[in-house]
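Position 1 is the first residue of the sequence, and the numbers go up from there.
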Amino acid sequence: MSGLMNFTVPQIAKMIDHSILRPEFTLEDVREGCAIAKKYDVASVCVRPADVSVAVDLLRGTNVAVGTVIGFPHGDTATAIKVAETELAVHQGATEIDMVLNIGWLRSGDIAAVEHEIGMIVKAAGAAHVKVILETAYLTDEQKLAACWASERAGAAFVKTSTGFAPKGATIDDLSLMRSAVSPKVQVKASGGVRTLDAMIAMAGVGVTRFGTSSTSEILTDLARRQVAVSGGRA
């Protein structure tokens, strides 16, 4: 694949937020997910709010950050509750915060309320990076642009496509639009249906720098296999 050898396994790993968010996951599933994250030295794990302290304990002493979700997955939690969720997560050791914006407010055209809420989360997060989940499946292009602009004005570090629980996840068209909407100081995260190395490489090609996925092992194993094949079997 063209450009494949520009990416090493460690480089790709540091573009991954390993997702451990499914509602039916047990604590053993959380522990196994954190073990995968530690093995591959990914950028972060993204865990359910109730699992933050567990993940922090499991990943202490590693270079894997712990992140969690706020207002997940619908985005319609009251702002005060989102702020409280954020404050608790940071207190417990989370350093990355993936918040779902208020989709209904955005679709209603109340951009000022959306921006104010994001700003409140950014303030509550302190030094933690805030990623704003747009849930693009429910939005027009105009709404996606407005959400990106509001996120940047409010001080977010990332704009992100999806929760993974909507009818559609990340697409190249949406990612390209989001990348064009924000300045270089704001990164773009793809999430929702990011299951293959080919998808990651294509999305990286339009400026995506972080990926939410639960397919970390499969993606990185595939990359290592292809690199060995390209090198003629040399490790």
Side-chain angles (χ1 to χ4, degrees), residues 1-22 24-48 51-52 54-69 94-98 129 131 133 157-165 169-172 174-176 178-179 187-235:
M1 176 179 173
S2 177
L4 178 64
M5 299 309 293
N6 292 330
F7 297 88
T8 66
V9 171
Q11 285 172 334
I12 291 288
K14 279 304 184 188
M15 298 172 76
I16 290 176
D17 292 343
H18 184 64
S19 175
I20 317 171
L21 293 171
R22 286 169 55 178
E24 74 274 21
F25 277 165
T26 65
L27 287 173
E28 182 58 29
D29 292 323
V30 174
R31 286 190 283 268
E32 289 176 2
C34 288
I36 290 170
K38 183 177 180 179
K39 173 182 176 180
Y40 290 106
D41 191 28
V42 298
S44 80
V45 292
C46 191
V47 298
R48 301 168 301 195
D51 300 323
V52 169
V54 174
V56 168
D57 286 343
L58 290 169
L59 294 169
R60 186 172 284 113
T62 73
N63 292 318
V64 178
V66 174
T68 193
V69 287
T95 58
E96 304 208 349
I97 300 294
D98 290 35
H129 292 151
K131 305 171 195 150
I133 304 172
F158 288 79
V159 288
K160 174 180 170 181
T161 54
S162 321
T163 62
F165 290 88
T171 69
I172 292 294
D174 283 344
L175 293 164
S176 297
M178 292 164 65
R179 181 64 273 167
Q187 298 183 63
V188 176
K189 176 176 173 179
S191 186
V194 183
R195 299 187 182 96
T196 68
L197 176 62
D198 289 344
M200 281 189 62
I201 297 298
M203 292 173 182
V206 298
V208 176
T209 52
R210 194 74 70 86
F211 301 86
T213 184
S214 58
S215 301
T216 300
S217 293
E218 295 85 349
I219 289 168
L220 296 177
T221 299
D222 187 20
L223 176 60
R225 179 187 60 78
R226 294 196 208 185
Q227 288 181 332
V228 168
V230 168
S231 67
R234 298 184 300 276

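- Counted within 6.0 Å of NZ on Lys14, heavy atoms from surrounding residues, nucleotides or ligands total more than 12; the atom is thus considered enclosed.
- Note: Ile36 CD1 to Ser214 OG = 9.0 Å, rounded to the nearest 0.5 Å.
- In terms of heavy atoms, Val194 sits closest to Phe211 at CG1-CD2, 4.0 Å.
- A 4.5 Å side-chain heavy-atom check between Thr95 and Val66 finds every atom pair outside the cut-off.
- Of all non-hydrogen atoms in Val64 and Ala37, the two that sit nearest each other are CG2-O, 3.5 Å.
- Between Cys46 and Asp98 there is a side-chain heavy-atom pair separated by less than 4.5 Å.
- For Arg22, the CZ atom counts as loosely surrounded, since its 6.0 Å shell holds 12 or fewer non-hydrogen atoms of other residues, nucleotides or ligands.
- You'll find the side chain of Thr161 reaches within 4.5 Å of the side chain of Leu175, heavy atoms only.
- Atoms CG and OG1, on Asp51 and Thr68 in that order, are 8.0 Å from each other to the nearest 0.5 Å.
- Shortest non-hydrogen contact noted between Ala170 and Ser162 is N-OG, 3.7 Å.
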Practice item. Carefully, step by step, assess Tyr40 and Thr221 under the rule side-chain contact (heavy atoms from CB on, under 4.5 Å). Key: CA-CA 10 Å; Tyr40 290 106; Thr221 299; 3.7 Å; yes

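- Between Gln227 and Val9, the closest side-chain pair of non-hydrogen atoms falls below 4.5 Å.
- The line from OG1 of Thr196 to CG of Asp222 is 8.0 Å long, rounded to the nearest 0.5 Å.
- Residues Met15 and Val208 fail the side-chain proximity criterion, which asks for heavy atoms closer than 4.5 Å.
- Residues satisfying the ring pair (Phe, Tyr, Trp, His ring centres under 6.0 Å) criterion with Phe25, sequence neighbours excluded, are absent altogether.
- Remark: Glu28 CD to Arg31 CZ distance equals 4.5 Å, nearest 0.5 Å.
- Considering every non-hydrogen atom in both Ala55 and Val45, the closest pair reads CB-CG2, 4.2 Å.
- Interatomic distance, Thr216 OG1 to Ile16 CD1, rounded to the nearest 0.5 Å: 4.5 Å.
- The two residues Leu59 and Thr62 have their closest heavy-atom pair at O-OG1, 2.7 Å.
- Across all their heavy atoms, Asp17 and Lys189 have their closest contact at OD2-NZ, 2.7 Å.
- With contacts defined as side-chain heavy-atom distances shorter than 4.5 Å, the pair Met203/Ile172 qualifies.
- From Lys131, atom NZ reaches atom CZ of Arg210 across 4.5 Å, with rounding to the nearest 0.5 Å.
- Using a 4.5 Å cut-off on side-chain heavy atoms (C-beta onward), Thr209 and Phe158 make contact.
- Two residues are said to be in side-chain contact when any heavy atoms from C-beta on lie closer than 4.5 Å; Val206 and Arg179 fail this criterion.
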